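Each remark here refers to the structure printed beneath this line.
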Amino acid sequence: MIPRRSLGSSGLEVSALGLGAGGLGDPALSDRDVQDLLGRAGELGVNLVDTAPSYGESEARLGRALAGQRDAWVVSTKVGYGVPGVPDWTGPCITLGVEQALRRLGTEHLDVVHLHSCPAEVLERGEVVAALTDAVRAGKVRAAAYSGDAHALYVAVESGAFTVMQATLSLLDQHNAPTLGLARRRSLGVIAKRVLANAPWRFDHEPERPDEASYWRRWREAELDLAAPQDTALRFAAHHPAVSTALIGTRSAHHLEAAARAVAAGPLEAETAELLARRFAERGSAWSPIT
Ligand SMILES: NC(=O)c1ccc[n+]([C@@H]2O[C@H](COP(=O)([O-])OP(=O)(O)OC[C@H]3O[C@@H](n4cnc5c(N)ncnc54)[C@H](OP(=O)(O)O)[C@@H]3O)[C@@H](O)[C@H]2O)c1
């Protein structure tokens, strides 16, 4: 069974494995494919789905797939850009972005809404944070969240304005770990993203997509020699002490089932966990964070 945990102090309960819907805007997928994937996720005990307006048709497709089962899900999305006629990273862009997401996702409230890679200086200006807080007060959003990495993530967690945060954490990218620890001490819910580091072990040659290529090069440099890298990556992130839920980005029910089995197997053996920490400490300082 996939464990359930509190999402920090948000009052929401989430499965330790969440479905990252970044790939669900893929034009090769149909509405039916998305419905089937969501159905299988629910059967496996996954109850959080994470989307964003920048993921193509993902929000709209999920909205249609969630009809009739909205209450079974913790729905997470993002704002900050992409509202026609409104400048990005302004108060009105947040307010209207929430309305846009409510419409696309076919719901009366959103469980988690992140400021999606919001720069530190925008956070410090206060306007977008105030607009998101207003949406929480109005009952349109349950938990105000920040999604991002490195310094901006630290500024967000330190600000005390957010109940939930989302950041990269994988065996090939542990830069955010100290900030995740801070978030845990402050009772924030923590959503880990990119936990498979885009599964670089599946490529024989360097892939073309820049983020996949970076992870592929790191994977080779890391020389981890793991028997089951996929399972190790999922157990590492989903059972990290600060993490509430780890997202797997997948369009495949088969991959989701494999991920559910890995997370249900529990935390990594101490020896493997120590190897991952040591190898990142030795080689990871040369790898910049990937957002
Ligand atoms: N807030 C942000 O800025 C941000 C940024 C990045 C990601 N995210 C969130 O995090 C989620 C996950 O991120 P991600 O998709 O970039 O990274 P990821 O989960 O590390 O990797 C996903 C990739 O791994 C493949 N994969 C999954 N299981 C596999 C398996 N068993 N064998 C082979 N390949 C497998 C997937 O392909 P298949 O589809 O074929 O399974 C997909 O291409 C996103 O969907 C999104 O919700 C947020």
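All ligand and atom numbering here is 1-based and tracks the order in the structure. Everything numeric in this text was worked out from a predicted model, so none of it was measured.
- Remark: the Ser58 side chain and the Thr51 side chain contain an N/O donor-acceptor pair separated by less than 3.5 Å.
- Distance from atom 22 (C) of ligand 1 to its nearest protein heavy atom, with residue and atom name: Gly249 O, 3.1 Å.
- The closest protein non-hydrogen atom to atom 8 (N) of ligand 1 is Tyr55 OH, 3.5 Å.
- For the salt bridge (charged side-chain N to carboxylate O under 4.0 Å, His left out) test with Lys193, the passing option among Asp50, Asp173, Asp149, Asp211 is Asp149; the others fail.
- Here the heavy atom of the protein found nearest to atom 47 (O) of ligand 1 is Asp50 OD2, 2.7 Å.
- No hydrogens or angles considered: a donor-acceptor pair under 3.5 Å links the side chains of Gln69 and Trp73.
- Compare Val49, Leu196, Leu247 by their heavy atoms: the one nearest to atom 27 (C) of ligand 1 is in Leu196.
- Considering backbone and side-chain N/O atoms, Ile248 never comes within less than 3.5 Å of an N/O atom of ligand 1.
- When non-hydrogen atoms are compared, ligand 1 lies under 4.0 Å from the backbone of Val195 (N, CA, C, O) but not from its side chain.
- Nearest non-hydrogen protein atom to atom 33 (C) of ligand 1 is His255 CE1, 3.7 Å.
- When atom types are taken as modelled, the side chain of Asp111 and the backbone of Val75 share a donor-acceptor pair closer than 3.5 angstrom.
- Among Lys193, Arg209, Arg202, Glu212, the residue whose heavy atom lies nearest to atom 43 (O) of ligand 1 is Arg202.
- In this structure the side chain of Arg61 reaches within 4.5 angstrom of the side chain of Arg64, judged on heavy atoms.
- Defined by atom type and a distance below 3.5 Å, a donor-acceptor pair is missing between the side-chain atoms of Lys78 and Tyr146.
- Remark: the Thr107 side chain and the Arg70 side chain contain an N/O donor-acceptor pair separated by less than 3.5 Å.
- Atom 3 (O) of ligand 1 has His116 NE2, 3.1 Å as its closest protein atom, hydrogens excluded (heavy atom only).
- Of the protein's heavy atoms, Ser147 OG, 2.6 Å lies nearest to atom 1 (N) of ligand 1.
- Using modelled atom types and a 3.5 Å distance limit, the side chains of Trp89 and Glu127 yield no donor-acceptor pair.
- Across the listed options Gly18, Gly22, Ala192, Gly22 owns the non-hydrogen atom lying nearest to atom 45 (O) of ligand 1.
- Scanning the protein heavy atoms around atom 30 (C) of ligand 1, the nearest turns out to be Gln230 NE2, 3.1 Å.
- In the candidate list Arg194, Arg251, His254, Arg251 is nearest to atom 38 (P) of ligand 1, counting heavy atoms.
- Taking distance alone, with nitrogen or oxygen atoms compared against 3.5 Å, Thr291 stays at or beyond that limit from ligand 1.
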Begin with the C-alpha distance, continue with both residues' side-chain angles, and end with the deciding distance and a verdict on salt bridge (charged side-chain N to carboxylate O under 4.0 Å, His left out) for Arg235 and Glu269.
CA-CA 10 Å; Arg235 293 171 72 194; Glu269 297 71 24; 3.3 Å; yes

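- For ligand 1, the polar-atom distance check finds an N/O of Asn198 within less than 3.5 Å of one of the ligand's N/O atoms.
- Between Trp219 and Trp201, the ring-plane angle classifies as perpendicular under the 30° and 60° cut-offs.
- Neither the backbone nor the side chain of Ala52 comes within contact range of ligand 1; no heavy atom lies under 4.0 Å.
- At least one heavy atom of Ala197 lies less than 4.0 angstrom from ligand 1.
- Annotation: side chain of Ser15 is in contact with side chain of Arg4 (closest heavy-atom distance under 4.5 Å).
- Shown in contact with Thr250 at under 4.0 Å from a heavy atom are these atoms of ligand 1, numbered in order with element: 38 (P), 39 (O), 41 (O).
- Proximity of Ala21 to ligand 1, defined as any heavy-atom pair under 4.0 Å, is confined to the backbone N, CA, C and O atoms.
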